[in-house]
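A short write-up of the structure that comes next.
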Amino acid sequence: SIPMKDHRHQVAAPRKDLPRNAPQQAIVARQKAAEDAKVRPRAIPNTIYVKHLDSRVKEKHLEEHFATAGKVAQVLIVRGERTGKSKGFGYVEFEDPSAAMAALTMNDTVLMGKVIVVSHSTRAIGVK
């Protein structure tokens with residue numbers, strides 16, 4: 001008699017982190033695409049993102065702070081809908097991209113007693 005070749009009928013073990021009856025290859029492909037999008041977000045060249053803002057910081061304080069980098073076109077501090085209190089981050093839009101690049105060098109500067117973090121913005125002001 002001829003021996004059976006059982007290895008031809010073996011199937012890879014299912015992934016423990018995915019549902020059993022799910023299209024696992026499609027899910028993994030979507031997860032990889034989402035990770036790639038997070039790694040390379042589309043930056044808005046004229047806008048910077050500022051976080052770790054003190055709750056007392058107003059738009060005019062932010063505008064004055066970044067005026068040394070270039071002409072500020074618009075400032076937005078994100079606030080709670082009901083309370084109106086600052087959520088501790090905001091956006092500054094400049095007239096030209098070179099001013100925004102100059103503003104990125106102002107990372108780790110002090111504004112009203114707190115060290116702020118400045119980075120590229122992945123969204124424009126006014127876009128949700």
Side-chain angles (χ1 to χ4, degrees):
S1 86
I2 300 173
M4 292 292 289
K5 300 206 177 203
D6 290 334
H7 69 277
R8 289 185 187 166
H9 303 287
Q10 291 178 351
V11 180
R15 292 181 52 141
K16 303 284 185 201
D17 59 336
L18 297 175
R20 187 170 219 193
N21 296 328
Q24 294 184 359
Q25 289 178 338
I27 292 172
V28 171
R30 279 194 304 264
Q31 287 173 345
K32 284 185 182 180
E35 287 173 9
D36 289 344
K38 288 178 189 171
V39 171
R40 292 179 279 111
R42 187 176 68 87
I44 307 299
N46 291 9
T47 308
I48 60 167
Y49 171 73
V50 186
K51 64 182 179 178
H52 299 303
L53 294 175
D54 189 76
S55 60
R56 300 171 296 156
V57 173
K58 305 285 185 225
E59 280 81 359
K60 68 174 184 154
H61 298 128
L62 213 51
E63 186 173 347
E64 290 169 1
H65 186 76
F66 287 104
T68 57
K71 179 97 169 109
V72 176
Q74 191 176 358
V75 176
L76 171 72
I77 295 178
V78 179
R79 301 181 184 283
E81 288 182 21
R82 284 185 258 171
T83 62
K85 287 186 177 180
S86 171
K87 289 192 174 185
F89 67 95
Y91 300 89
V92 179
E93 184 179 332
F94 291 92
E95 300 255 333
D96 59 72
S98 62
M101 291 301 289
L104 290 173
T105 63
M106 299 176 77
N107 189 25
D108 294 331
T109 56
V110 177
L111 178 63
M112 294 185 78
K114 282 189 81 174
V115 177
I116 59 171
V117 176
V118 181
S119 61
H120 289 284
S121 175
T122 57
R123 57 174 263 198
I125 292 178
V127 177
K128 283 195 172 189

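Just so it is clear, the structure is predicted and the values come from calculations on it, not from any experiment.
V117 is not connected to L62 by any chain of hydrophobic side-chain contacts under 4.5 Å among Ile, Leu, Val, Met, Phe, Trp and Tyr, and they are in different clusters. The hydrophobic cluster containing L111 also contains I77, counting ILVMFWY residues as joined when their side-chain heavy atoms lie under 4.5 angstrom apart, directly or transitively. L76 and Y49 fall within a single hydrophobic cluster, where Ile, Leu, Val, Met, Phe, Trp and Tyr are joined by side-chain heavy atoms under 4.5 Å apart, directly or via other members.
P45 and A100 get closest at one heavy-atom pair: O-CB, 3.3 Å. Scanning all heavy atoms of the two residues, the minimum distance from S86 to D54 falls at OG-O, 4.4 Å. For M112 against R56, the heavy-atom pair with the smallest separation is O-NH2, 3.3 Å. Scanning both residues, E93 and T47, for their nearest heavy atoms gives CG-OG1, 3.7 Å. Taking each heavy atom of M106 and A69 in turn, the nearest pair found is SD-CB, 4.2 Å. The shortest heavy-atom contact between M101 and H120 is SD-CE1, 4.0 Å.
Residues I48 and S121 are not in side-chain contact: their nearest non-hydrogen atoms beyond the backbone lie 4.5 Å or more apart. Between T109 and H65 the shortest side-chain heavy-atom distance falls below 4.5 Å.
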Y91/V78 under side chain to side chain contact (heavy atoms under 4.5 Å, CB included): CA gap, chis, key distance, verdict: CA-CA 8 Å; Y91 300 89; V78 179; 4.0 Å; yes
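Rounded to the nearest 0.5 angstrom, S55 OG and K114 NZ are separated by 7.5 Å. Atom-to-atom distance recorded for E63:CD and K71:NZ is 7.5 Å, nearest 0.5 angstrom.
Aromatic ring orientation, F94 versus F66: perpendicular (interplanar angle above 60°, classes split at 30° and 60°).
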